[in-house]
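Reviewing the structure listed below.
In this text, all values refer to a predicted model and were calculated from it rather than measured experimentally.
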Amino acid sequence: MHTFSPSCRTIRRFLRPLFLFPLLVLPLAFAAAPTWSATSQPNSVSVQQTVGLYRKIPGLTSQQIEYGRTAIPRLHYNAQRILRKICGLPGVNFEHARQVIELLARERFTYEQVLTYEALADINSMDIEGGLAGLDTVKELSFEAGRTFRAFAGIQGVSAKQALGVISLFNNADNANNRAAQAFFAIKGMRVDIALKGMPALMRLRNNQAKAAETYARIPSMTTEIMLDGLELLLKLYQDDAWNARCLFTNKNITATQAWDWLVGYFALPTNIQEAQYDKLDPQKKTVLLQALYDGGTELLWKINNLHAVTDQNGYEISDSTLNRWSMQQLQAKYNELQPSVRARYGSLSGASRGQAISTLKQATSAARVQTARDLPLANAYAVMAQGSDLYDSSFRDIMVPVLLARINSRYQGDLLTFLRDIDPSNLLVSDFISSCAQKGKLTAFFPADPEKQKAILSLVADSAFHNEDSILLFSATLSHLLKALSPGARTHLITLMVENSEAENAVFSKLINVILQYYVQTYPELLGQADRVLISRTIVRHGAVNLEQYQITPFAEWKADGRLGSVSMYHPDDDGRQSFVSNANMLLSNGYSLVVSEQYSIPPMTPAFRAETQRWIGSGLVSLFQAMRNRHFAIAFTKQINGIQIVHTQFVYSDQDNQMEMLKRFIHKKDEMLAQRGHSYWRSEQIIEPLTKLIKENSVSEYELRDKQRFLSLGSCGGVKVYTNLTRLFASSVDILATIGTGLAMINDPYNKMFFEIIASNSSSITWKQVAQQSASVFRGERGQDYLLPGSLTAILHKILDEEQLATGAKPKSWFERSQG
């Protein structure tokens, strides 16, 4: 156990100056008292409380009382709260109070630091010496460290010595470790000795281990004994296992004992033993684990996708020119990040030339991508592939498919049906997996030739696809790919299953399935056989047809009312973002658009000097302009007049979350029409999801403001139906979207975004999404646009119907990023 003690040096730092100011200089103290502006004046109640407590300090003279009466009103409200605590500590005298008043007049404490200091001062054994020492250390506390300290100080029986001793420990810990500690201290029955016993392990946890520990501690039935035992195992987990464990611990039905059993019986075991343990699980436990592996798949998706090239810790591609500027030590450090098994295959970089080292690093990175897939337990690989639309095509087709095929061939003799029944007995992810394979053009690699086995697999697909709205939405987006891959008999079997499910008791599910059938018989009859079309037609007669045209209505009349159509395109400051910006800019310039500074979206105020600076950058070339936009936080716009409508395409480069939030807030409040996300898909969270979510939580953007205008969202990067659904919910369902469930292409994104506004400006406001699709069809020539979901597509219609049903029934809209559980 660690022993903690307060710093005598800190106490001396506060006390030493006290003896340098005898009472004879009190008038000087009055003269030096700070002056605060009227806007900084605390309220009179706080002043009265603080002066009242100050007057209770033992031994005050009339002159010292007058000093407090004059100096205290000039202190900030936060400072007064701290002074009140100082005045109540045992051993306090005038010299202590005066020294603190002078300190508080110079330094500003945040509200969080005030709360932390109050928790410290409230400890029963705290005296003035400890209080002064704590004042020094609390000033250095980070936000999360302060919250952790307050959680620790709240444990019954904590001494002043123990409290002062842990402050530096918390302040030196990562945020994830602090959050884990906060959850640990909050466990029912926590005692000081247990807290101190667990803290060394808590502080040693790394990244995902700490996140898993936090979630583990927050299980409602958690006990201190189970927690301490679990910490020892959490310390041993690989990062991927820790992340998956964290996802499993979020299951609201899991108990502390069950969580411990999962640690011991699965997550803390080597991969080959995990495989054996999975086979022994009953169907219910396999489903619980599969859900956790699916939810945790984001980490593995990120890792596998990032290894398509040499990237930094944030996923930025590192260009050849940058690698050539790196020292051999930097190249070696990047090489050392790869798995030991991969490095053992390629050997050391020592003794190699720079060119050889770079070549080896690239080859080893590519091998690490394959090795990451090979190292996954079979169930985890299956769960990752069920999120196929979030994997790069190369990650899915060239990495995951060969790995999983080899495993199925080895363990199940290539029998997909047996594999699915064994790995996913509850059919949780069957539809997602089969749909992903179909959408990526790899279903035939897995699908059996036997018609009866095909039908059996499709029965599993139907059971999986039609049990909640999210699975129905995903199934609808990839159905065309699936129909093309099926034999006529298997296709008819699937249509029959859909017709049967259209009779579901859940009215929303039934309506969604019926709309899917109606849409395909009306829009893609060539994908159906004669028997399929007859079957669907009879179903439509029985249930009644839905007027799909009403979901093709556009908001263009409203958009054009002010004579302006405005968009914002967002780029990340990496190589791909720069290339996308240059490509889009050149296309707009070559089509008669003028380049100007965007005052609306430039973050700093547009002073004359700043405006002149931006004008110089505009003439410096597109590459230099892109870098300047990132560094100086200004935006530019391409403008053009068409048919009396001013088209404005603003270009904005990501710099940090605060600026991104400000840009999105202006986009919502100014009511521009189109938001376009450009570059890699893995920046979507930083560019849209995280900042907009924070704006909503802070009430800087309201649901009314989101619903008040129907906007257009262009997702030019790789994507999937999950992100389509999440963003639809995030924008309160008042958004039409262009997205891809495969790979995004600049040759589509650039011309479509330009053509979209031009079509609106050139046509009547009554034009429908179907007519927009017809006039923009040239962009999607051949097969290159087959993975794009256009506004007015089936997926868009289903989202609108779902929102319509929820509003009509008063059902609470689903959490933006929640996956349905059934």
Side-chain angles (χ1 to χ4, degrees), residues 559 562-573 577-578 580-585 587-589 593-620 622 624-641 645-679 683-684 686-692 694-696 698 700-701 705-706 708-709 711-716 730-731 735 749-750 753-754 756-757:
W559 287 8
D562 62 355
R564 181 184 185 277
L565 293 172
S567 78
V568 182
S569 291
M570 304 170 293
Y571 303 87
H572 225 72
R578 185 184 65 252
S580 295
F581 169 78
V582 171
S583 166
N584 192 46
M587 180 204 64
L588 290 170
L589 289 171
Y593 284 78
S594 301
L595 173 56
V596 298
V597 175
S598 171
E599 298 198 14
Q600 178 176 332
Y601 287 101
S602 292
I603 301 301
M606 194 58 69
T607 63
F610 188 45
R611 185 178 292 107
E613 179 188 348
T614 58
Q615 289 297 332
R616 288 194 297 272
W617 283 114
I618 282 180
S620 67
L622 293 175
S624 297
L625 175 60
F626 180 83
Q627 190 63 37
M629 288 165 63
R630 178 200 181 183
N631 294 337
R632 299 291 285 120
H633 314 312
F634 68 92
I636 57 102
F638 294 92
T639 67
K640 186 177 182 179
Q641 281 272 353
I645 301 294
Q646 179 78 3
I647 295 177
V648 181
H649 287 297
T650 302
Q651 316 289 296
F652 187 91
V653 181
Y654 179 94
S655 55
D656 58 39
Q657 187 181 76
D658 288 342
N659 286 340
Q660 195 73 7
M661 288 173 63
E662 179 62 26
M663 182 275 289
L664 289 173
K665 184 165 65 173
R666 295 182 191 183
F667 173 77
I668 299 297
H669 290 170
K670 296 294 184 180
K671 297 188 175 183
D672 273 348
E673 285 76 25
M674 177 166 66
L675 187 67
Q677 192 251 339
R678 305 297 304 271
W683 298 125
R684 194 174 295 125
E686 284 88 344
Q687 290 181 348
I688 305 177
I689 295 172
E690 290 177 11
L692 185 52
K694 192 172 180 181
L695 286 169
I696 293 169
E698 293 177 353
S700 297
V701 168
E705 288 174 314
L706 292 169
D708 188 45
K709 183 182 180 75
R711 296 175 175 85
F712 178 71
L713 188 58
S714 175
L715 302 179
L730 188 58
F731 279 86
V735 63
N749 304 325
D750 288 344
N753 289 351
K754 178 188 77 70
F756 176 55
F757 274 177

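Taken from CG in Leu589 to NZ in Lys640, the straight-line distance is 11.0 Å, to the nearest 0.5 Å. Atom-to-atom distance recorded for Gln627:CD and Arg632:CZ is 13.0 Å, nearest 0.5 angstrom. Between Glu690 atom CD and Gln657 atom CD the span is 6.0 Å, to the nearest 0.5 Å. Atom NZ of Lys709 and atom CG of Asp672 lie 7.5 Å apart (nearest 0.5 Å). In this structure, the separation between CD1 on Ile645 and CG on Asp562 is 8.0 Å, given to the nearest 0.5 Å. Atom CD1 in Ile636 sits 7.0 Å away from atom CD1 in Ile618 (nearest 0.5 Å).
Ring geometry, Tyr654 versus His572: the interplanar angle falls under 30°, so the pair is classed parallel (tilted spans 30 to 60°). The aromatic rings of His649 and Phe757 lie parallel to each other, their planes meeting at an angle below 30°, with 60° marking the opposite boundary.
Phe638 and Ala585 make their closest contact through CZ-CB, 3.5 Å (heavy atoms, listed as atom of the first residue, atom of the second, distance). The minimum heavy-atom distance linking Ala635 with Phe652 is given by the pair CB-CD1, 4.2 Å. Considering every non-hydrogen atom in both His633 and Pro604, the closest pair reads O-CD, 3.1 Å.
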Any chance you could lay out the side-chain contact (heavy atoms from CB on, under 4.5 Å) test for Ser567 and Asn753, step after step, and finish with the verdict? CA-CA 9 Å; Ser567 78; Asn753 289 351; over 6 Å; no
Walk me through it: do Ile603 and Asp658 pass the test side-chain contact (heavy atoms from CB on, under 4.5 Å)? CA-CA 10 Å; Ile603 301 301; Asp658 288 342; over 6 Å; no
Assess the residue pair Phe731 and Ile688 against the criterion (side-chain contact (heavy atoms from CB on, under 4.5 Å)); give the C-alpha distance rounded to whole Å, side-chain angles, the decisive distance to 0.1 Å, and a yes or no. CA-CA 10 Å; Phe731 279 86; Ile688 305 177; 4.2 Å; yes
CA sep, side-chain torsions, deciding dist, call: Arg678, Asn749, side-chain contact (heavy atoms from CB on, under 4.5 Å): CA-CA 9 Å; Arg678 305 297 304 271; Asn749 304 325; 4.0 Å; yes
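Annotation: side chain of Phe626 is not in contact with side chain of Gln651 (no heavy-atom distance under 4.5 Å). Contact check for Val648 versus Arg564: side-chain heavy atoms found under the 4.5 Å cut-off. Residues Arg666 and Glu662 have side chains in contact (heavy-atom distance under 4.5 Å, counting atoms from C-beta outward). Between Met570 and Gln660, some side-chain heavy-atom pair lies under the 4.5 Å cut-off. Annotation: side chain of Val653 is not in contact with side chain of Phe581 (no heavy-atom distance under 4.5 Å). With a 4.5 Å cut-off on side-chain heavy atoms, Ile696 and Leu706 count as touching. Asp708 is listed as a side-chain neighbour of Lys671, based on a closest heavy-atom distance under 4.5 Å. Between Met587 and Tyr593 there is no side-chain heavy-atom pair separated by less than 4.5 Å.
Panel note: side chain Thr639, backbone Ile647; no donor-acceptor pair is recorded below 3.5 Å. Under a 3.5 Å cut-off, the side chain of Arg711 and the backbone N or O of Ile668 do form a donor-acceptor pair. Between the side chain of His669 and the backbone N or O of Ser700, at least one donor-acceptor pair lies under 3.5 Å.
Exactly one of Ser580, Ser583, Ser569 qualifies for a side-chain hydrogen bond (donor to acceptor under 3.5 Å, both in side chains) with Asp750. That residue is Ser583.
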